[in-house]
S.K.: 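Quick one: structure below, then a few questions.
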Amino acid sequence: MAHRQWNPGDGIGPLVKPSVSRTQLVMYAGASGDFNPIHTVDEFAQKVGLDGVIAHGMLTMAFVGQLLTDLLGSEGELHKFGVRFTGMVRPGDVITCEGRVVEVIQEEKMQTALCDVWAVTQNGEKVLNGQAEFAVPIA
Amino acid sequence: MNREKFKPFIGIWSTPVKNEAEKGAIRKFADAIGDPNPLFRDEEYAKSTRFGAVIAPPTFSKTFDFGEIPGLELDEEGLIHGEQYFEYNLPIRAGDTLYCSMRLADVYEKEGKLGNMTFLLYEMRGMNESGQIVFFERSNVIYRG
């Protein structure tokens, strides 16, 4: 995969994911081992004051992970990836992941980029906010 | 008040648990998050890359067993995930054996709009068979119990 030159201010994405489904939440529960019923059982979610099930925060983080690994290809490396969960994702929500490069450090063969990343719902509500550091070969 | 309850457990690493990064588990995880990246599922393609094998997506280490902090019992259902941070030193490849452990690094309380909230800061790490730290994680969870 040919790599490009990254510069501060460059946009990353967007990656628009298919709407989150209940089946996906069950699949994620199984694949991750996080069986908290708040993600799969409406009655339980209602008991703790929600309208119904909410997605695992880690599922939204995985979406943003895809935004990053899509640009890394097989030559890039992800060094650091940290997020804060700022909102709830519900079945039916369409999540868009995006980022912006903040700083780029040029080395001999690699360029290391620090970026902001975030995820929003179809209503524009920010549900995740974070930062990542990645390195890709110099273009 | 909660801080006092958790204080005796702060800083103690769990006994490392042996985990295997199985290619089937990686593929199922990639399916669940809807990520078609061939690095996570196509063995032949992955072999042709510098990784030499299928690798795991960046958040896959969350699926590992990190063991228990002796005596610390929590109602998982009452936890809200607030923040998550990963540091990657080496890729996780299908077939890798990782020794994973965790500790409660800190506990603090904050007055929020819903009353007093307790924040639990966990740290997790995975070591390979050569003793190298493959990844490090920090999780901030809000405890309402």
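Atom set for the values below is all heavy atoms of this structure, side chains included, hydrogens, waters and symmetry mates excluded. Every chain is numbered from 1, with letters handed out A, B, ... down the list of sequences.
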S.K.: Given heavy-atom pairs under 4.5 angstrom as the criterion, report whether the side chain, backbone, both or neither of B:Phe135 touches chain A.
M.R.: neither

S.K.: Can you say whether B:Leu39 sits under 4.5 Å from chain A via the side chain, the backbone, both, or neither, judging by heavy atoms?
M.R.: side chain

S.K.: What do you reckon, are the aromatic ring centroids of A:Tyr28 and B:Phe29 less than 6.0 Å apart?
M.R.: yes

S.K.: Tell me which of these, A:Leu68, A:Val48, A:Val83, has more heavy-atom pairs under 4.5 Å with chain B than the rest.
M.R.: A:Val83

S.K.: Would you mind reporting whether B:Asp31 and A:Met27 have side-chain heavy atoms less than 4.5 Å apart?
M.R.: yes

S.K.: Any side-chain heavy atom of B:Ser139 sitting closer than 4.5 Å to one from A:Met58?
M.R.: no

S.K.: Once you round to the nearest 0.5 Å, how far does CG of A:Asp34 lie from NE2 of B:His81?
M.R.: 9.5 Å

S.K.: Under 4.5 Å between any side-chain heavy atoms of A:Leu78 and B:Phe86, yes or no?
M.R.: no

S.K.: Give, for atom CD of B:Gln84 and atom CZ of A:Arg84, the distance between the pair rounded to the nearest 0.5 Å.
M.R.: 13.5 Å

S.K.: The criterion is side chain to side chain contact (heavy atoms under 4.5 Å, CB included); which residues satisfy it with A:Arg22, sequence neighbours excluded?
M.R.: A:Asp42, A:Val53, A:Pro91

S.K.: Charged N to carboxylate O under 4.0 angstrom, B:Glu87 versus A:Lys80?
M.R.: no

S.K.: Identify whether B:Val107 and B:Leu72 are in the same connected component of the hydrophobic contact network (ILVMFWY, side-chain heavy atoms under 4.5 Å).
M.R.: yes

S.K.: Flag the one option from B:Gly82, B:Ala25, B:Ala30 with the top tally of heavy-atom pairs under 4.5 Å to chain A.
M.R.: B:Gly82

S.K.: Using non-hydrogen atoms only, which part of B:Phe64 is less than 4.5 Å away from chain A: side chain, backbone, both, or neither?
M.R.: neither

S.K.: Relative to chain A, which of B:Gly34, B:Pro38, B:Pro91 shows the most heavy atom pairs under 4.5 Å?
M.R.: B:Gly34

S.K.: Quick one: are A:Ser32 and B:Phe60 in side-chain contact, heavy atoms under 4.5 Å?
M.R.: no

S.K.: Do B:Tyr85 and A:Gln131 come within less than 4.5 Å of each other through their side chains, counting heavy atoms only?
M.R.: no

S.K.: Can you measure from CG (A:Leu59) to NZ (B:Lys62) and round to the nearest 0.5 angstrom?
M.R.: 14.0 Å

S.K.: For the interface with chain A, which of B:Glu137, B:Lys28, B:Glu83 has the highest count of heavy-atom pairs at distances below 4.5 Å?
M.R.: B:Glu83

S.K.: If you compare all heavy atoms of B:Asp35 against all heavy atoms of A:Thr69, which two are closest, and at what distance to 0.1 Å?
M.R.: OD2-OG1, 4.0 Å

S.K.: Do you know which of A:Ala132, A:Gly30, A:Pro37 has the most heavy-atom pairs under 4.5 Å to chain B?
M.R.: A:Pro37

S.K.: Does one hydrophobic cluster hold both B:Tyr88 and B:Ile133, with members joined at side-chain heavy-atom distances below 4.5 Å?
M.R.: no

S.K.: Do A:Ile54 and B:Val141 share a hydrophobic cluster (ILVMFWY, side-chain heavy atoms under 4.5 Å, transitive)?
M.R.: no

S.K.: Once side chain to side chain contact (heavy atoms under 4.5 Å, CB included) is applied, do any residues pair with A:Gln122, and if so which ones, sequence neighbours excluded?
M.R.: A:Asp93, A:Val94

S.K.: Side-chain heavy atoms nearer than 4.5 Å, only ILVMFWY residues, links allowed to pass through others: does that put A:Ile12 and A:Leu15 together?
M.R.: yes

S.K.: A:Asn7: what forms a side chain to side chain donor-acceptor pair (under 3.5 Å) with it, not counting sequence neighbours?
M.R.: none

S.K.: Taking atom CD of B:Glu111 as the centre, report whether more than 12 heavy atoms of other residues, nucleotides or ligands fall under 6.0 Å from it.
M.R.: yes

S.K.: Hydrophobic clustering (ILVMFWY, side-chain heavy atoms < 4.5 Å, transitive) - are A:Val26 and A:Val89 grouped together?
M.R.: no

S.K.: How far does CD1 of B:Ile33 sit from CE of A:Met61, to the nearest 0.5 angstrom?
M.R.: 11.5 Å

S.K.: Looking at A:Phe35, A:Phe63, A:Phe44, which has the largest count of heavy-atom pairs under 4.5 Å with chain B?
M.R.: A:Phe44

S.K.: Select all residues of residues 104-116 of chain A having any heavy atom within less than 4.5 Å of some heavy atom of chain B, and report them by number, or 'none'.
M.R.: none

S.K.: Just wondering, are more than 12 heavy atoms of other shown residues or ligands nearer than 6.0 Å to CD in B:Glu68?
M.R.: no

